[in-house]
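For reference, the structure is listed below as structure tokens.
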Amino acid sequence: MSAPAVFGNRIGGASVPAASGASFENRNPADARDLIGTFADSGAEDVLRAVAAAKAALPRWRALPAPKRGEILFRTAEILVRRKEEFAAAMTREMGKVLAETRGDVQEAIDMTYYMAGEGRRQFGQTTPSELARKFQMSVRMPVGVAGLVTPWNFPMAIPSWKMMPALILGNTVVIKPAPDTPLSTVNLLLALEEAGLPPGVVNMVTGGPEAGAALVSHPDVGVVSFTGSTATGRKVSEAAARLFKHCHLEMGGKNVVMVMEDADLDLAVDGAVWGGFGTSGQRCTAASRVVLHEAVAREFTERFVARARALRVGNGLEAGIEMGPIINAAQLARVESYVAVGQAEGATLLTGGKRLAGGTQAHGFFHEPTVLGDCTPAMRVSREEIFGPVVSLIRVGSLEEAIEVGNSVEYGLSASIYTRDVNKAFRAMNEMETGIFYVNAPTIGAETHLPFGGAKNTGNGHREACVQALDVFSEWKSIYIDYSGALQRAQID
Ligand code: NAD
């Protein structure tokens, strides 16, 4: 274990301790004896300084031609490629998911950074004919100003990059407040940006918890807020931003569903449900926490799925052969345990798992068994509420129609999937599921950066990240009319 380090906030290119002098610890969830570092525990005063630095950096950054901004992003991506292994290992140590997955997380940041570097030479607007002679018209994107980013811990480099890169390529400057469980991965992303030549003050970071987050999203000089986290926190962020008419983008909770039809390839469906349900220890917004089973295949699927869940190797994600890492922290582990109890009290059958793991090398971490609850009904809390842990609820249905109805019966609308060999069933589900993401013969997880990402219903507020849609969050459209007739021409009148 390497020595713990002391990290300040990043303000105007300098490392600055919290104004109060307070700090908090970041520990390895696989072994809480392993102290990764201490980080500034920021409050409103620190946010004021960071926003002032971002505001001061704005005129020069905005004036830099977008292709030049793109070159800095391109170099950032190359540095991330070079340092991928190092940053992935640091991320596993910080938040627990297995190395293959943290490599994927850094890769997502790489993909997004290359993608947005390319937007430096696109950012397409419109040109369109005028209704009047000798008049030209077009639309262009403008940056909003200072972007306030608040991020969760489960994708600690990917999600900051999804927000930061589109903000930067458009000419915004940034203050980011990462989750207190994963500040190191944001520090590493900033290292790459700074090594690539990002000017001081263009991206600033304040670490800490809700106090810093709340100060950032309600600061009058922050023009656009982009938040990913729970629906409960998202509601507070939305209310704070609304008071000042800020642009506000929210990505929130999920209760995603895999639907296994009577004609499904069961080997494929079991593989998908295991990966979707237990990848990242079930701590993904897109986790397949519900599996809806057609009664014709329910028994066979359940037997195979339970056997696979039971056989998963749980442990420190840095060790070879480990398939599922720890839960992020003690509070989240207690929450997972409480949901297992709630499910059983409601009448669900515990088919495997259900307990924390605390023996041997797991004694100092926050581990929980992969857990499957059978005989669930759609009305149970374990079928409706986001657990955010390795707990999958199995629900039986008699038809495609019923599967779709059950699938749509939750408040969230992030991701859904269907396993079937019948193209008609696949298309009906694709059409009728109320989700922002849909998969056929694949689990609910695995989005790519060049399609829009986000959810319907209480998962989102109508925006999308990734792809060109991300540019909409961080820009204002300006429509420009140039009259070269030399005379007054009146639209709609002449
Ligand atoms: P969280 O809501 O507890 O925290 C998210 C961030 O908000 C953290 O940085 C936190 O410090 C900050 N925060 C807390 N209170 C705040 C306040 N009042 N004002 C401003 N900021 C505040 O979520 P989490 O536990 O870090 O992450 C898990 C949640 O994130 C799950 O619900 C998951 O579904 C969701 N998530 C959604 C997506 C998506 O794209 N839809 C992706 C990943 C995670």
Side-chain angles (χ1 to χ4, degrees), residues 24 26 29 39 41-44 47 95 97 105 108 112 148-163 175-183 185-186 205-219 222 225-241 243 246 248-256 279-289 327-329 331-333 335-336 385-389 410-415 435-437 444-445 447 449 452-466 469-470 473:
F24 65 93
N26 179 13
F39 290 80
D41 194 0
S42 309
V47 169
M95 58 74 71
K97 64 187 173 186
D105 196 302
E108 232 173 287
M112 182 58 76
L149 315 181
V150 179
T151 53
W153 48 265
N154 63 340
F155 281 85
M157 190 175 281
I159 292 178
S161 79
W162 290 6
K163 299 183 186 308
V175 178
I176 182 166
K177 207 289 298 162
D181 284 304
T182 53
S185 294
T186 299
M205 176 192 73
V206 285
T207 53
E211 192 190 335
L216 181 58
V217 301
S218 55
H219 192 300
V222 170
V225 168
S226 180
F227 166 85
T228 299
S230 63
T231 297
T233 308
R235 183 166 284 118
K236 291 183 200 163
V237 170
S238 181
E239 285 167 3
R243 277 196 289 276
K246 295 176 191 297
C248 179
H249 159 240
L250 307 169
E251 291 294 342
M252 301 173 286
K255 189 72 184 175
N256 313 288
T280 321
S281 309
Q283 303 170 112
R284 288 192 185 210
C285 52
T286 50
S289 56
I327 306 294
I328 187 68
N329 55 37
Q332 186 57 24
L333 177 57
R335 182 181 152 92
V336 171
E385 298 176 13
E386 186 180 49
I387 300 173
F388 227 55
V410 294
E411 67 169 302
Y412 301 109
L414 185 51
S415 183
T435 57
I437 305 168
T444 51
I445 64 177
T449 54
F453 180 94
K457 294 157 74 175
N458 286 358
T459 296
N461 66 341
H463 301 282
R464 291 292 183 266
E465 5 213 20
Q469 279 70 18
V473 171

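Heavy atoms only: backbone and side chains are in, while hydrogens, waters and symmetry mates are out. Bear in mind the structure is a predicted one, so any value in this text is a computation, not a measurement. Atoms within a ligand are numbered from 1 in the order they appear, just like the ligands themselves.
- You'll find the side chain of F388 stays beyond 4.5 Å of the side chain of S230, heavy atoms only.
- Residue F388 places a heavy atom under 4.0 Å from ligand 1.
- For ligand 1, the atoms lying closer than 4.0 Å to a non-hydrogen atom of W153 are 24 (P), 25 (O), 26 (O), 27 (O).
- Under a 4.0 Å heavy-atom criterion, P180 is in contact with ligand 1.
- Contacts with ligand 1 closer than 4.0 Å are made by no heavy atom of T286, backbone or side chain.
- Contacts with ligand 1 closer than 4.0 Å are made by side-chain heavy atoms of V237 only, the backbone lying farther away.
- Remark: ligand 1 and E465 share no N or O pair separated by less than 3.5 Å (distance only, no angle test).
- Using a 4.0 Å cut-off between a side-chain N of Lys or Arg and a carboxylate O of Asp or Glu, K163 and E465 qualify as a salt bridge.
- The parts of T228 lying near ligand 1 are both backbone and side chain, judged by heavy-atom distances below 4.0 Å.
- The closest approach between I159 and ligand 1 falls below 4.0 Å for a heavy atom of the residue.
- Atom CZ of R235 is surrounded by 12 or fewer heavy atoms from other residues, nucleotides or ligands within 6.0 Å.
- Within the 3.5 Å criterion, the main-chain N or O of V206 finds no donor-acceptor partner in the side chain of S42.
- For the pair N26 and P183, the tightest heavy-atom approach, listed with the atom from each and the gap, is ND2-CD, 3.7 Å.
- Within ligand 1, the atoms closer than 4.0 Å to a non-hydrogen atom of V150 are 6 (C), 7 (O), 9 (O), 12 (C), 21 (N), numbered from 1 in the order shown.
- Residues F155 and K97 form a side-chain contact, since some pair of their non-hydrogen atoms from C-beta on lies under 4.5 Å apart.
- Which parts of ligand 1 touch T151 is read off a 4.0 Å heavy-atom cut-off, strictly below it: atoms 6 (C), 8 (C), 9 (O).
- The shortest heavy-atom contact between G148 and V222 is N-CG1, 3.5 Å.
- Distances from atom 19 (N) of ligand 1 to the heavy atoms of A287, A214, A212 put A214 nearest.
- Under 4.0 angstrom from ligand 1, the non-hydrogen atoms of E386 all belong to its side chain.
- The shortest side-chain heavy-atom distance between F227 and M252 falls under the 4.5 Å cut-off.
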*Determine, step by step, whether W162 and E108 satisfy the side-chain hydrogen bond (donor to acceptor under 3.5 Å, both in side chains) criterion, reporting the C-alpha distance in whole Å, the side-chain angles of both residues, the deciding distance to 0.1 Å, and the verdict.*
CA-CA 9 Å; W162 290 6; E108 232 173 287; 3.3 Å; yes

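- In terms of polar-atom proximity, W162 is not counted as a contact of ligand 1, lacking any N or O under 3.5 Å from an N or O of the ligand.
- Evaluated by nearest non-hydrogen atom to atom 43 (C) of ligand 1, the leading choice among L149, N154, D181 is N154.
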